[in-house]
Amino acid sequence: MTPGWAAAAFITSLVVAWAIAYRFLGAYMHRAVTSPHHLRVEKLTYRAIGINPDKEQSSAGYTRSLLALSAVSIVGVFALQRLQGHLWLADGMAGVSPRVAWNTAVSFVTNTNWQTYSGESTMTHLTQMAGLAVQNFVSAAVGIAVAVALIRGFTRRASKTLGNFWVDLTRIIVRILLPLAILGAILFLAAGMVQNLTSSIDVTTLTGAQQTLTGGPVASQEIIKNLGTNGGGFYNVNSAHPFENPNFATNWLEIFVIGLIPFSLPYVFGRMAGDRRQGFAIVGAMAAIAITSIVAVNMLELNPSGTVPSAIGSSMEGRETRLGVAGSATFAAMTTLTSTGSVTSFHDSYSGLGGSVLTLNMMLGEVAPGGVGSGLYGMLILAIITVFVAGLMVGRTPEYLGKKIGPREMKLASLYFLVTPALVLTGTAAAISSPTQRSAMLNTGGHGFSEVLYAFTSASNNNGSAFAGLATDSTWWATALGLCMALGRFIPIVLVLALAGRLARQGITPQSAGTLPTSTTLFAGMVVSVTLVTVALTFLPALALGPLAEGLF
Amino acid sequence: MTTIAPPEPHAHRTSRRHKAQSKMSGRDLLAAIPGAVRKLDPRTMWRNPVMLIVEVGAAFTTILAIADPSWFSILITIWLWATVLFANAAEAVAEGRGKAQADSLRRNRQLSTAYRAIGWVAGSDIRAVVTKEVAATELAKGDIVIVKAGQAIPADGDVIEGAASIDESAITGESAPVIRESGGDRSAVTGGTRVLSDAIAIRVTQAPGAGFVDRMIALVEGANRQKTPNEIALNILLAALTLVFILVVVSIQPMAIYAKLTQGAAKDSVALTDSGLTGIVLVALLVCLIPTTIGALLSAIGIAGMDRLVQRNVLATSGRAVAAAGDVSTLLLDKTGTITFGDRQARGQRPAAGVEVEDLVACARLASLADETPEGRSIVTYVESQHLGQGDSYDLPRLRDAPGTERGDSRTARSARRCAPVDRCCFRGRVAQREPRRWGRRGGHRFLAIAGDARRGTRRR
């Protein structure tokens with residue numbers, strides 16, 4: 001089997017697995033978020049945090065709860081990192097420096113998981129488990145909760161409430177994330193991943209060198225890292241580390257787990273909207289972009305154009321031989337298409353065009369399929385813009401699922417759409433115009449520029465993968481990227497919840513002959529083109545100076 | 001949205017339809033240029049942010065082109081100004097056409113005359129009071145006017161003396177005349193309606209320019225053009241896109257400087273030097289990226305849409321109404337609309353296969369001569385206006401050939417009675433099945449069919 005066919009089989013098996021998950025996990029998640037019953041453990045949680053689970057919140061209340069929880073989380077994770085040297089399982093490690101602690105706290109709470117530190121030498125096992133792994137669950141649940149609130153906005157009729165944030169959060173963690181994580185961790189363990197609480201071991205390698213091996217609770221963190229599209233690795237080299245991603249099978253499993261929830265959420269949308277085809281249209285648009293991108297990265301990496309790769313026949317620089325070029329390329333595409341950011345290979349080493357596809361994946365706003373929850377709400381915003389543009393063509397007030405898209409709704413959708421380009425472009429321009437910040441680049445020319453552009457794109461879109469080759473632990477970089485992560489996460493969430501509140505207050509206009517059907521292939525195609533056109537126009541100039549220039553010349 | 005037919009001052013209601021204006025001509029465009037230039041004022045442009053940015057960019061490149069003239073900078077500057085002017089011209093043309101429509105309405109308004117009472121005191125005899133003939137437009141609020149049978153009421157007002165039957169069908173759609181008299185709550189009259197009998201004294205209550213016809217004029221001129229919700233939403237989207245692209249263009253400057261810096265081999269060019277891209281290139285890039293086409297034509301499209309409606313004698317009270325019309329899926333009607341002719345009127349004739357137009361027309365007229373209903377009268381009016389030359393009286397050659405056409409012939413009245421207008425189709429045989437259905441499909445109008453075979457002198461109902 002040639003590498004091309006092997007890659008095709010790899011991708012096809014993933015797509016089939018996701019398609020099955022879409023139907024069954026989707027149905028399960030739909031039951032979990034809409035069920036009127038509370039589990040006993042959930043009731044205990046509600047009593048402990050002191051809320052009435054049957055009292056619903058308005059859009060403003062929902063937003064306040066979410067922001068409050070996130071603020072508390074950031075402070076908590078920050079404090080834990082600073083104090084870790086005095087706590088259990090310290091293993092001789094000191095507290096984390098303030099700028100790295102701030103950057104990491106923001107990074108994990110915003111589901112970005114950008115890492116300016118190397119995990120094995122900076123974070124204690126306690127910080128990893130009680131701080132970072134907990135945030136992996138919570139930040140993922142927050143994303144899904146916002147998506148569910150937006151769906152409720154579409155499906156409720158003249159309602160002032162969007163549900164209860166604490167109930168949504170608890171249910172998503174207890175009923176969806178925890179069971180899946182436990183199941184996945186066992187699978188990972190069986191496939192050869194590490195899970196222990198031992199201190200580091202000094203060993204003599206085959207060549208006689210001394211090496212320190214750090215163990216730890218890897219499998220349990222690895223599963224939620226990918227399941228919750230977080231991406232913060234236990235080790236510095238993330239999923240390229242043999243303890244985090246031992247073999248081809250775990251690689252397949254990790255990629256599958258990354259896409260599992262993002263690809264299944266549109267089913268929940270379709271079921272809650274009362275028309276499964278609505279979910280099909282959304283997942284169809286996501287899949288079209290995702291598959292195209294995965295295939296493109298595979299093709300560009302399997303047919304490398306550089307001097308060295310051409311000479312040796314494959315581009316193996318920055319990749320693990322046990323995972324192969326195609327396995328790495330598919331992982332890279334999925335990790336940038338979702339907001340995961342875990343890596344099995346160094347994106348820095350990809351060909352110019354391959355690297356630009358990865359950057360473009362994130363620039364799309366990570367909507368295909370995107371982060372858990374954030375992908376779905378991002379895609380629904382794009383669907384609103386599509387409905388609006390299409391509605392103008394036929395001269396009717398645009399409607400989506402019976403909700404009229406008027407000036408106020410458009411204002412919120414447009415602002416949502418403005419946030420990320422503003423952060424990415426101003427951040428990149430600010431960094432590139434200052435000689436001091438430019439010195440953080442380890443490369444010059446187009447490639448150095450790509451590194452900066454990639455860093456800001458990754459942070460603003462809450463991806464967290466790094467292009468490498470950029471030293472971002474200076475105060476300026478840690479602060480700037482931390483701000484990009486926080487603003488790129490919470491401004492869109494506030495806008496989405498405000499939009500959901502407005503939509504929920506509306507009645508539902510009955511369908512008529514003039515209503516644009518939003519469950520057709522045509523509509524899915526229109527959503528894809530709106531996504532591509534808006535992004536291409538916005539980022540093409542910047543891409544042209546960096547990755548595209550590298551790839552073409 | 002309201003369908004209107006402008007009230008006409010004279011008794012003969014002829015063609016109800018305003019002549020549709022011709023398609024856009026070069027002259028329209030020329031006439032619009034002064035308007036387009038006037039619209040360059042930033043205070044006017046402010047309403048259209050996308051084009052304002054183009055204008056600011058054009059002004060900026062002008063300065064740059066003067067400071068450092070080159071073919072490139074001059075050409076770009078000319079193109080940018082042309083873009084702004086074109087956007088304004090499109091809007092000015094659309095507005096100009098609305099104005100022309102308004103002018104024709106206004107002419108009607110000026111033609112109608114009023115009889116202003118001089119030295120009116122309460123209780124004066126209406127028929128004895130001295131009046132002065134003035135144009136309706138010269139009336140002021142508080143003036144007393146006398147309106148006699150057959151005259152149109154010149155302005156909105158209250159009856160202060162007398163009582164009269166008034167045809168208000170133009171406004172209410174009710175074809176039966178109503179009584180308006182002084183005192184009580186039946187004293188208000190509307191400009192444009194007509195007194196059918198008696199005479200009344202009216203105190204004008206609306207200053208000129210605020211009456212009902214004036215409101216129509218204002219609407220057509222687009223003076224009160226409201227933005228539709230869709231337009232507002234689109235403007236928001238355009239503004240957002242424009243903002244993004246401003247960011248794109250601003251941020252490209254440091255990137256370009258860096259790119260130039262790290263590629264020593266790159267030579268300086270008109271567009272790029274060590275200090276980055278020139279302002280002209282940046283402005284040109286921005287104008288290419290921002291949605292100028294939609295931004296430029298948006299208001300023109302709105303005005304043009306209303307203009308198209310006016311050509312069909314439909315008055316949209318606002319752009320909002322046009323947008324709302326797009327959302328209509330079910331239309332419920334309660335009798336006829338307001339501000340229309342409430343009575344059915346003959347508008348055309350469609351002979352069945354094998355029937356000559358002249359026969360049909362002659363027969364229709366004869367059948368309606370004795371019919372005193374609004375329909376009957378309208379048929380006579382229609383036939384006479386369409387088939388008799390100016391000043392020509394009732395003797396078309398073919399009319400005379402038709403049976404019972406001789407005036408004074410006792411058969412006239414008889415045949416007229418027998419040929420009373422009917423509401424429903426009365427053809428027989430296959431024609432009866434086919435023809436009316438075909439017409440019905442075409443227009444959906446009510447039609448009045450006259451049955452009969454004029455040549456054979458038999459008529460069937």
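Residue numbers start from 1 in every chain, and the chains themselves are labelled A, B, ... in the order their sequence lines are given, proteins ahead of strands.
How far CG of A/L537 is from CD1 of B/I290: 12.5 Å, rounded to the nearest 0.5 Å. With values rounded to the nearest 0.5 angstrom, A/N443 atom CG is found 11.5 Å from B/T262 atom OG1. Between atom CZ of residue A/F539 and atom OG of residue B/S251 there is a gap of 9.0 Å, rounded to the nearest 0.5 Å.
Heavy atoms closer than 4.5 Å to chain B are found in both the backbone and the side chain of A/F449. With a 4.5 Å cut-off on non-hydrogen atoms, A/V389 touches chain B through its side chain but not through its backbone.
Proximity of a side-chain donor or acceptor of B/Y258 to a complementary backbone N or O of A/G445 within less than 3.5 Å is detected.
For A/R408, the CZ atom sits in a loose shell: 12 or fewer heavy atoms of surrounding residues, nucleotides or ligands are nearer than 6.0 Å. Atom NZ of B/K39 has more than 12 heavy atoms from other residues, nucleotides or ligands within 6.0 Å. Within 6.0 Å of atom CZ in B/F72, more than 12 heavy atoms from other residues, nucleotides or ligands are found, so the atom counts as buried in its surroundings.
Taking both residues in full, the closest heavy atoms of A/P407 and B/A233 are given as CA-CB, 3.7 Å, listed atom of the first, atom of the second, then distance. In terms of heavy-atom proximity, A/T538 sits nearest to B/V248 at O-CG2, 3.2 Å. Heavy-atom minimum distance, A/F417 versus B/L241: CE2-CD2, 3.7 Å. Here the closest non-hydrogen pair linking A/R438 and B/L261 is NH2-CD2, 3.5 Å.
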Problem set entry | Working for side-chain contact (heavy atoms from CB on, under 4.5 Å), residues B/M255 and A/L425 | CA-CA 10 Å; B/M255 299 180 195; A/L425 292 173; 4.1 Å; yes

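For the options A/P541, A/S434, A/P421, A/A413, heavy-atom pairs under 4.5 Å to chain B are most numerous at A/P541. In terms of non-hydrogen atom pairs under 4.5 Å with chain A, the most contact-rich of B/L237, B/V250, B/I252 is B/L237.
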